[in-house]
Visitor: 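Below is one structure. I have some questions about it.
What you see below is based on every heavy atom in this structure, not just the backbone, and it leaves out hydrogens, waters and symmetry mates.
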Amino acid sequence: MMNTQSLIEFYGLLPHPEGGYYKETYRFNGIIEPACLPSAFGEARSFSTAIYFLLPVGNFSALHRIKSDEIWHFYEGCPLHIHVIHPNGTYELMVLGNDHSQGQSFQLVVPAHAWFASEPVGAEGEFSFVGCTVAPGFDFADFELADADHLSFEFPNHKAIIQRLSR
Ligand code: GUN
């Protein structure tokens, strides 16, 4: 198994604003016109996109939300905890990984508009290496990093996790 630095170099991964490293691996060569999208999008989007995402142990991807469902795929390394706060305030812990006996899944879906953050867990390994696909395709205009105080005010029951997983 490659180490963190070799994966970054081999795949040409770049720092992601939410934390970790990523590289877009696929962007459908065609667009969905705004009239065919939910009004929240406002502008045209690609049909679909995919990325590699690498999160070193000790790092986390900060709470954020997007306007598309995001499908997560496990590739290598530690299991990844994905902390989800649904729009109705329900908290859900999803675990991406390859140990099915521990309730981990190769694929998980974070629904559009939910707030979510992720962190690698487990004593073995130095990273989680995963993939994320979205449709309509990803655009940073649809990406919103959480303001910890604002979100804690909205979801006071989840204040501890919101403060821990925001920057
Ligand atoms: N492209 C750039 N950043 C992201 C992201 O966070 N998720 C997805 N699916 N694509 C991206």
Side-chain angles (χ1 to χ4, degrees), residues 1-2 4 6-56 59-88 90-100 103-121 125 127-147 151 165-167:
M1 197 190 289
M2 287 199 243
T4 304
S6 354
L7 277 171
I8 290 170
E9 286 167 17
F10 186 79
Y11 287 107
L13 307 178
L14 296 171
H16 197 288
E18 74 193 46
Y21 301 85
Y22 80 110
K23 164 120 187 245
E24 189 170 275
T25 51
Y26 172 74
R27 178 168 287 270
F28 185 85
N29 184 21
I31 57 163
I32 314 175
E33 294 297 341
C36 303
L37 288 167
S39 58
F41 285 93
E43 290 172 9
R45 294 284 180 269
S46 295
F47 278 36
S48 176
T49 55
I51 58 168
Y52 285 134
F53 185 53
L54 176 72
L55 205 46
N59 198 338
F60 65 89
S61 117
L63 271 168
H64 63 286
R65 64 179 173 183
I66 60 174
K67 295 175 183 168
S68 301
D69 287 355
E70 183 160 54
I71 306 160
W72 289 66
H73 313 258
F74 181 80
Y75 298 138
E76 202 166 55
C78 301
L80 186 73
H81 278 188
I82 307 176
H83 303 268
V84 182
I85 301 172
H86 292 276
N88 69 359
T90 309
Y91 168 83
E92 185 179 359
L93 174 64
M94 303 181 176
V95 188
L96 195 69
N98 60 3
D99 190 344
H100 306 291
Q104 301 167 10
S105 303
F106 279 136
Q107 286 189 6
L108 288 167
V109 180
V110 176
H113 308 295
W115 291 100
F116 62 105
S118 61
E119 58 181 344
V121 288
F127 57 79
S128 295
F129 189 46
V130 304
C132 304
T133 54
V134 294
F138 185 90
D139 190 303
F140 274 104
D142 305 325
F143 172 89
E144 185 184 359
L145 274 171
D147 176 285
L151 206 61
L165 295 174
S166 301
R167 291 199 174 81

Visitor: Keeping the roles fixed (side chain from Ser48, backbone from Val134), state whether a donor-acceptor pair exists under 3.5 Å.
Guide: yes
Visitor: Of all heavy-atom pairs between Gly42 and Pro34, which one has the smallest distance, and what is that distance?
Guide: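 In this case the closest contact between Gly42 and Pro34 is O-CB, 3.8 Å.
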Visitor: Can you give me the closest heavy-atom contact between Val84 and Ala114, atom names plus distance?
Guide: CG1-CB, 3.7 Å
Visitor: Decide yes or no for Glu144 and His64: does some side-chain heavy atom of the first lie under 4.5 Å from some side-chain heavy atom of the second?
Guide: no
Visitor: Does Phe129 reach the side chain of Tyr11, with side-chain heavy atoms less than 4.5 Å apart?
Guide: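 Heavy-atom side-chain distance check passes, below 4.5 Å.
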Visitor: Run the numbers on Met2 and Phe127 for side chain to side chain contact (heavy atoms under 4.5 Å, CB included), then give the verdict.
Guide: CA-CA 10 Å; Met2 287 199 243; Phe127 57 79; 5.8 Å; no
Visitor: To the nearest 0.5 Å, tell me how far Ser118 OG sits from Leu93 CG.
Guide: 11.0 Å
Visitor: Anything under 30° is parallel, anything over 60° is perpendicular, the rest tilted; go ahead and classify Trp72 against Phe116.
Guide: perpendicular
Visitor: Is any side-chain heavy atom of Phe74 closer than 4.5 Å to one of Leu80?
Guide: no
Visitor: Quick one: closest heavy-atom pair of Ile31 and Ala44, and the distance?
Guide: CD1-CB, 3.8 Å
Visitor: Quick check: does any side chain N or O of Ser68 sit under 3.5 Å from a backbone N or O of Pro136, one acting as donor and the other as acceptor?
Guide: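 Yes.
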Visitor: Can you measure from NE2 (His113) to CG (Asp69) and round to the nearest 0.5 angstrom?
Guide: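 CG of Asp69 is found 8.5 Å from NE2 of His113.
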Visitor: Please identify each residue that fulfils ring pair (Phe, Tyr, Trp, His ring centres under 6.0 Å) with Tyr22, with sequence neighbours left out.
Guide: His16
Visitor: Quick one: closest heavy-atom pair of Leu37 and Glu43, and the distance?
Guide: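 Scanning both residues completely, I find the closest heavy atoms to be CD1-O, 3.4 Å.
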Visitor: Hey, what do you get for CG (Leu13) to OG1 (Thr4), rounding to the nearest 0.5 Å?
Guide: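 One finds 10.5 Å between CG of Leu13 and OG1 of Thr4.
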Visitor: CZ/Arg45 to CD1/Ile32 distance, rounded to the nearest 0.5 angstrom?
Guide: 9.5 Å
Visitor: Tell me whether the centres of the aromatic rings in Tyr52 and Phe10 are closer together than 6.0 Å.
Guide: no
Visitor: Cation-pi check for Phe60 against Arg167: NZ or CZ below 6.0 Å from the six-membered ring centre and within 45 degrees of the axis, yes or no?
Guide: yes
Visitor: Supply the atom-to-atom distance Ile66 CD1 to Asp142 CG, rounded to the nearest 0.5 angstrom.
Guide: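 If I round to the nearest 0.5 Å, the distance is 7.5 Å.
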Visitor: Report yes if some heavy atom in the side chain of Ile51 is under 4.5 Å from a heavy atom in the side chain of Phe138; otherwise report no.
Guide: no
Visitor: Please work out which of the three classes, parallel, tilted or perpendicular, describes the rings of Tyr75 and His73, given edges at 30° and 60°.
Guide: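 Because their plane-to-plane angle is under 30°, the rings of His73 and Tyr75 count as parallel.
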Visitor: Side chain of Thr25, backbone of Ala50: donor and acceptor closer than 3.5 Å?
Guide: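 The answer is yes, because a donor-acceptor pair under 3.5 Å joins these two groups.
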Visitor: Under the 3.5 angstrom rule, does the side chain of Ser128 hit a backbone N or O of Cys78 as a donor-acceptor pair?
Guide: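 At least one qualifying donor-acceptor pair exists.
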Visitor: Identify the heavy atoms of Ser166 and Ala62 that sit nearest to each other, and give their distance.
Guide: CA-CB, 4.4 Å
Visitor: Any heavy-atom pair between the side chains of His83 and Glu119 that's under 4.5 Å?
Guide: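 A side-chain contact exists here, since the closest heavy-atom pair is under 4.5 Å.
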Visitor: Which atom pair, heavy atoms only, marks the closest approach of His86 to Pro111?
Guide: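 Taking every non-hydrogen atom into account, CE1-CG, 3.7 Å.
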Visitor: Main chain of Ala146, side chain of Arg65: is a donor-acceptor contact present, judged purely on distance under 3.5 Å?
Guide: no
Visitor: Measure the spacing between NZ of Lys23 and CG of Leu14 and express it to the nearest 0.5 Å.
Guide: 8.0 Å
